[in-house]
Amino acid sequence: MSSLKQKLKQKKRKRPPKPTTTDEDDDDDALIAKLEKKLGGRKKAKDDDPLADLIGGDDSSSDAESVEQEETTEAHYAPREGQDIYGRPTDQKWVPPSLRRRLNNEAPAEVGDVLRGALNKVSDTNIDATSDAICAAYARFPANDVHAFVSSHMRETCVHGAQNMEALVPPYAAVMAAADTKGGRELGAHVLEALLPDLESEGKRRGNAAALLAAFCDVGLCGGELTMSYAEALRDDGTADALEACAVVATGSRDVWRRSDLRGRLSKLALKDESGDDARLLQAKNALRTACASKPGDVSRSKSLRAAVARAVPNGRARDAPLALSWSDLRNAEATGRWWRRGAAYDRHAQDALVDDVAQRRAAAKAPSSKQEQTMRALRLNTPAKRAAFGGVAGAADAHDAATALHALSTKRLCDDRTAAGVLQTCCGGEPTYNPFYAAVAKLRRGESKDFAFGLKLACWDAFKASDASEDARKAARRAANLGKFCAALLGPELPLSVAFSKVEARSLVADAAVKVAVLSALRGLLVEASDETFAGALAMEPSPGAVTVAPFAQTRLKRPAGADASAWAAREAELLAWFEGGGEGGGE
């Protein structure tokens with residue numbers, strides 16, 4: 001520690017002495033003050049008083065400071081009266097930046113500077129480049145400004161009032177169609193509307209406008225209905241100028257018309273010569289007849305232009321259909337609306353097509369698609385349960401298979417037994433001749449289900465009811481004969497004759513021939529086809545009121561069919577008549 005203290009003492013001793021003020025230092029201070037005064041700095045007080053700044057100092061110092069402050073204020077921005085902190089007027093509404101160019105009317109000039117050069121160089125070889133330039137302009141300028149400039153330039157270039165522009169019209173139309181396809185924001189609809197005044201004018205201007213409209217149709221911008229309806233309007237006008245324009249439209253659009261359903265209207269455009277026609281009118285009619293009758297000439301240029309428009313379709317997107325409108329739709333756009341535009345919410349043609357599609361679907365729904373569908377509709381089996389039962393019976397290999405299918409439908413609750421019994425009766429009545437298959441299925445199923453047996457009883461009652469008056473007489477007689485034999489096969493202990501005839505009405509039996517045929521067929525089937533046990537079971541119950549109604553009819557109309565055993569027929573007929581007279585129990589014994 002002693003050595004460290006000694007070292008510190010030595011260092012203190014070696015420190016240099018404090019500097020003293022000399023004359024040289026005073027000279028430096030004077031030089032600094034002189035330079036400050038020369039550069040505009042504040043003068044110091046003579047007595048060098050440190051409180052001079054607080055007291056105010058001399059007048060020369062305060063004047064220099066105020067001048068410096070005024071110069072600094074003018075150099076910086078300060079809002080004026082009626083402006084916000086950013087210098088914008090407070091008495092005007094805020095306008096989005098994208099719309100401020102419209103206030104200064106700068107858009108047409110700017111759009112023209114961008115597009116005029118490209119549109120002036122339109123040819124068959126630069127359709128893609130020109131359409132790209134138009135689409136690029138939509139990204140920089142408002143769409144309406146681009147529409148306005150392109151439409152006006154088109155009219156100034158192609159719709160000339162003194163000469164025909166046949167060479168320039170096709171590529172210009174292809175450029176419009178390509179730009180509309182690439183994403184021209186309904187450019188096609190706007191150029192068509194811009195062309196309307198020229199189409200309604202006269203002379204060369206209308207002829208050039210008609211050629212441009214036909215070119216639009218040829219490249220697929222608009223449909224053939226527009227040009228056809230416009231040509232018909234010109235034909236109805238009947239003047240030489242209108243017929244010349246009509247010939248121009250027909251020449252440019254006939255290829256499209258012949259590829260569509262408008263070819264029938266093409267032949268009706270031609271007009272015959274009349275005695276009072278002048279030379280120009282005769283020449284115009286001759287040109288129109290030539291345009292309607294002749295075939296297209298060299299179409300290589302037209303094909304190349306259509307191919308250029310097709311290449312303009314963006315990848316992965318289908319090409320839009322041509323604008324579907326007529327001449328009246330274009331003329332009355334202000335009154336009826338521009339529904340024909342692609343972005344419109346309402347499409348009249350689509351609604352008409354929808355109505356036609358609904359009608360076609362209804363017709364298709366009514367028209368059967370298969371033989372089984374035809375049969376079900378003919379038999380009026382329209383519910384799902386009835387159709388399921390019909391499918392199970394029609395697709396069965398034999399009676400046992402059909403009975404199994406009906407049992408499965410009942411188990412799965414797809415078709416109840418009463419409905420299935422009615423389907424069997426309906427199918428049997430609809431056959432051309434009696435088919436014992438349905439009776440065999442009914443007998444098998446009746447032994448398995450009481451509901452099915454009850455359904456068969458209801459089916460027999462329906463068989464002896466009056467037929468539909470609108471039904472054909474032969475068809476009704478055939479159905480009644482089949483149902484009578486069907487009921488005869490079911491008669492027996494499970495279905496006595498008294499129960500089967502309980503709903504027969506005397507009025508229907510006398511007036512309706514189908515009821516007579518059904519009753520006679522049932523009685524003849526019972527007398528000829530039934531076994532002795534079945535015959536006895538059918539007569540086990542006493543006659544019901546309905547059966548008593550049948551008694552007089554059976555006594556007079558019941559005749560032995562050909563081929564039946566005479567002795568057996570006579571014995572059973574006597575027993576049946578005795579049962580009708582009230583001897584049901586004796587007949588049963």
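Not counting sequence neighbours, the partners of Lys465 by the salt bridge (charged side-chain N to carboxylate O under 4.0 Å, His left out) test are Asp462.
Between Phe452 and His407, the ring center distance fails the sub-6.0 Å criterion.
Shortest non-hydrogen contact noted between Cys292 and Leu266 is SG-O, 3.7 Å. In plain terms, the two heavy atoms of Gly223 and Pro322 that are nearest each other are N-CB, 3.7 Å. Contact detail for Met541 and Pro496: the closest heavy-atom pair is SD-CG, 3.6 Å. Taking every heavy atom of both residues into account, Val219 and Leu305 meet most closely at CG1-CB, 4.4 Å. Nearest heavy atoms, Ala291 versus Ala250: CB-CB, 4.0 Å. Scanning all heavy atoms of the two residues, the minimum distance from Val249 to Thr227 falls at CG1-O, 3.7 Å.
No side-chain donor-acceptor contact under 3.5 Å links Trp461 to the backbone of Val504. Not one N or O on the side chain of Asp401 forms a donor-acceptor pair closer than 3.5 Å with the backbone of Ala396. Ser267 places no side-chain N or O within donor-acceptor distance of the main-chain N or O of Arg263, the cut-off being under 3.5 Å. In terms of modelled atom types and a separation under 3.5 Å, the side chain of Arg380 and the main chain of Arg377 share no donor-acceptor contact. The backbone N or O of Ala214 lies less than 3.5 Å from no partner atom in the side chain of Asp218, so there is not a single donor-acceptor pair. Although no hydrogens or angles enter the test, the distance criterion places a donor-acceptor pair under 3.5 Å between the side chain of Thr383 and the main chain of Lys386. Without hydrogens or angle criteria, Asn332 side chain to Ala335 main chain gives no donor-acceptor distance under 3.5 Å. Proximity of a side-chain donor or acceptor of Gln425 to a complementary backbone N or O of Ala459 within less than 3.5 Å is detected. Judged purely by atom type and a 3.5 angstrom limit, Ser229 uses its side chain to pair as donor or acceptor with the backbone of Leu226. No donor-acceptor pair under 3.5 Å is formed between the side chain of Asp236 and the backbone N or O of Ala233.
Taking CZ of Arg254 as the start and SG of Cys217 as the end, the distance is 13.0 Å to the nearest 0.5 Å. Once rounded to the nearest 0.5 Å, the distance linking CG of Leu187 with OG of Ser151 reads 6.5 Å. For the atom pair CG (Leu490) and OH (Tyr438), the distance works out to 14.0 Å, reported to the nearest 0.5 Å. The distance from the CG atom of Leu406 to the CG atom of Leu414 is 11.5 Å, given to the nearest 0.5 Å. Rounding to the nearest 0.5 Å gives a distance of 7.0 Å between CD1 of Ile127 and OG of Ser304. With values rounded to the nearest 0.5 angstrom, Phe390 atom CZ is found 11.0 Å from Leu424 atom CG.
The existence of a salt bridge linking Glu431 and Lys485 is excluded, since no basic side-chain nitrogen approaches an acidic carboxylate oxygen closer than 4.0 Å. Under 4.0 Å is where a charged nitrogen must lie from a carboxylate oxygen, and between Arg235 and Glu232 no such pair does.
Using bins of under 30°, 30° to 60° and over 60° for the plane-to-plane angle, the ring pair Phe464/Phe501 lands in the perpendicular bin.
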Test salt bridge (charged side-chain N to carboxylate O under 4.0 Å, His left out) applied to Lys516 and Asp512, step by step: CA-CA 7 Å; Lys516 297 178 182 178; Asp512 197 339; over 6 Å; no
Can Phe535 and Leu539 be said to form a side-chain contact (heavy atoms from CB on, under 4.5 Å), step by step? CA-CA 7 Å; Phe535 185 79; Leu539 303 181; 3.5 Å; yes
Residues Tyr230, Leu330; criterion side-chain contact (heavy atoms from CB on, under 4.5 Å); working and verdict: CA-CA 10 Å; Tyr230 178 61; Leu330 184 61; over 6 Å; no
Go through the steps for Glu225 and Leu325 under the test side-chain contact (heavy atoms from CB on, under 4.5 Å), then give the verdict. CA-CA 7 Å; Glu225 178 62 29; Leu325 75 160; over 6 Å; no
Test side-chain contact (heavy atoms from CB on, under 4.5 Å) applied to Cys460 and Leu456, step by step: CA-CA 6 Å; Cys460 288; Leu456 289 177; 5.6 Å; no
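Contact of the Val550 side chain with the Phe580 side chain is registered, since non-hydrogen atoms from C-beta on lie closer than 4.5 Å. Taking 4.5 Å as the limit, every side-chain heavy atom of Arg387 sits out of range of all side-chain heavy atoms of Val423. With a 4.5 Å cut-off on side-chain heavy atoms, Leu192 and Leu213 count as touching. In this structure the side chain of Trp327 reaches within 4.5 angstrom of the side chain of Arg331, judged on heavy atoms. Residues Leu269 and Leu234 fail the side-chain proximity criterion, which asks for heavy atoms closer than 4.5 Å. Between Trp257 and Arg265 the shortest side-chain heavy-atom distance does not fall below 4.5 Å. The shortest side-chain heavy-atom distance between Tyr434 and Pro436 falls under the 4.5 Å cut-off. A heavy-atom distance below 4.5 Å is found between the side chains of His190 and Glu186.
Between Arg306 and Ser302, the side chains place a donor N or O and an acceptor N or O closer than 3.5 Å (distance only, hydrogens not considered). Checking Trp579 against Ser498 by side-chain atom types alone, no donor-acceptor pair falls below 3.5 Å. Side-chain contact check for Thr419 and Asp416: at least one donor-acceptor pair (N or O, by modelled atom type) lies under 3.5 Å.
Partner of Arg445 under the side chain to side chain donor-acceptor pair (under 3.5 Å) criterion, chosen from Thr404, Asp417, Asp451: Asp417.
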Donor-acceptor list for residues 519-532 side chains, cut-off 3.5 Å, not counting sequence neighbours:
unit_1 : atom_1 : unit_2 : atom_2 : d
Ser521 : OG     : Val517 : O      : 2.8
Ser531 : OG     : Thr534 : N      : 3.3
Ser531 : OG     : Thr534 : OG1    : 2.9
Asp532 : OD1    : Arg572 : NH2    : 2.6

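Within a 6.0 Å sphere centred on CZ of Arg259, other residues, nucleotides and ligands contribute more than 12 heavy atoms.
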